[in-house]
Amino acid sequence: MSSMDHAADRGEKKELRKEHPSGWLYLTQHDAIPILVDALLDLPPNREFNKTELAEHAGVTRQTVGNYTDLLLEVELIEVVPDTSPRRYRVADSDVVRELFELNSALNNVGNE
């Protein structure tokens, strides 16, 4: 197989991954998501925030947070705090968040054992 064939095969596989992404790729295909997730991992437990507060904590614009709020809700990284106006959020109590904290902890501990 020539190098052109290998390149074409890689390109096809990449496009298939984009068309049928894993949960990880679905989440991280958006540029700002890693920064927002990192900021969420840094919040104290049960800390409530609005979009402006999360934006300031993450070092992004409020518009960026607004662009991705629905995605963060969809994948259960954040949840709406009931009966708040203006709307407030907090890190969700979900399997996704628990696993994310566990992964983050494991990555932070690599080489420390």
Side-chain angles (χ1 to χ4, degrees):
M1 190 178 266
S2 73
S3 62
M4 292 289 285
D5 292 334
H6 283 294
D9 188 45
R10 281 193 307 270
E12 289 173 16
K13 287 178 182 176
K14 184 177 180 180
E15 287 307 310
L16 277 173
R17 288 190 180 281
K18 288 180 177 180
E19 290 173 21
H20 307 284
S22 65
W24 177 252
L25 183 58
Y26 177 71
L27 179 64
T28 60
Q29 67 186 332
H30 308 280
D31 291 343
I33 289 294
I35 295 294
L36 293 174
V37 170
D38 190 64
L40 293 171
L41 289 169
D42 190 41
L43 289 173
N46 300 313
R47 166 73 158 66
E48 294 181 11
F49 52 88
N50 61 29
K51 291 177 184 178
T52 301
E53 292 166 338
L54 179 56
E56 289 173 0
H57 183 66
V60 300
T61 66
R62 186 187 183 289
Q63 181 179 355
T64 297
V65 172
N67 289 343
Y68 296 108
T69 300
D70 287 343
L71 176 62
L72 295 172
L73 288 163
E74 176 189 340
V75 298
E76 299 181 353
L77 288 177
I78 63 172
E79 59 191 17
V80 174
V81 177
D83 304 318
T84 55
S85 181
R87 181 166 283 174
R88 296 188 65 76
Y89 305 88
R90 65 180 160 236
V91 175
D93 180 16
S94 69
D95 289 341
V96 172
V97 169
R98 283 186 285 282
E99 294 293 336
L100 190 57
F101 272 101
E102 189 171 315
L103 174 61
N104 189 52
S105 178
L107 289 169
N108 286 334
N109 287 321
V110 169
N112 292 334
E113 296 176 3

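We use all heavy atoms of the structure for the numbers below, so side chains are in, but hydrogens, waters and symmetry mates are not.
Taking both residues in full, the closest heavy atoms of V65 and V60 are given as CG2-CG2, 3.9 Å, listed atom of the first, atom of the second, then distance. Across all their heavy atoms, L41 and L100 have their closest contact at CD2-CG, 4.1 Å. The two residues L36 and A58 come nearest to each other via the heavy atoms CD2-CB, 3.9 Å. Scanning all heavy atoms of the two residues, the minimum distance from L54 to A39 falls at CD1-CB, 4.3 Å.
Other residues, nucleotides and ligands contribute at most 12 non-hydrogen atoms within 6.0 Å of the CG atom of D31. Within a 6.0 Å radius of CD in Q63, no more than 12 heavy atoms belonging to other residues, nucleotides or ligands are found. Atom CZ of R17 has 12 or fewer heavy atoms from other residues, nucleotides or ligands within 6.0 Å. In L103, the CG atom is crowded: over 12 heavy atoms of neighbouring residues, nucleotides or ligands sit closer than 6.0 Å.
Under the 4.5 Å side-chain criterion, counting only non-hydrogen atoms from C-beta, R47 is in contact with E53. Side-chain contact between Y89 and L40: absent, with no pair of heavy atoms (C-beta onward) separated by less than 4.5 Å. In this structure the side chain of R10 never reaches within 4.5 angstrom of the side chain of K14, judged on heavy atoms.
One finds the CG atom of L72 at 4.5 Å from the CD1 atom of I33 (value rounded to the nearest 0.5 Å). Taking CD1 from I78 and OG from S94, the interatomic distance works out to 11.0 Å, rounded to the nearest 0.5 Å. In this structure, CG in L107 is found 11.0 Å from CD in E102, a value given to the nearest 0.5 Å. Considering NE2 of H20 and CD of E15, their distance stands at 11.0 Å, rounded to 0.5 Å.
The side-chain hydrogen bond (donor to acceptor under 3.5 Å, both in side chains) test applied to T52 returns R62, not counting sequence neighbours.
Listed by first and then second residue, the salt bridge (Lys or Arg N to Asp or Glu O under 4.0 Å) pairs involving residues 77-87 are E79-R90 (not counting sequence neighbours).
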Full working for side-chain contact (heavy atoms from CB on, under 4.5 Å) between D95 and R98: CA-CA 5 Å; D95 289 341; R98 283 186 285 282; 2.7 Å; yes
Audit row: L71, L77, side-chain contact (heavy atoms from CB on, under 4.5 Å) steps and yes/no: CA-CA 9 Å; L71 176 62; L77 288 177; over 6 Å; no
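Residues V81 and Y68 are members of separate hydrophobic clusters, defined by side-chain heavy-atom contacts under 4.5 angstrom among Ile, Leu, Val, Met, Phe, Trp and Tyr.
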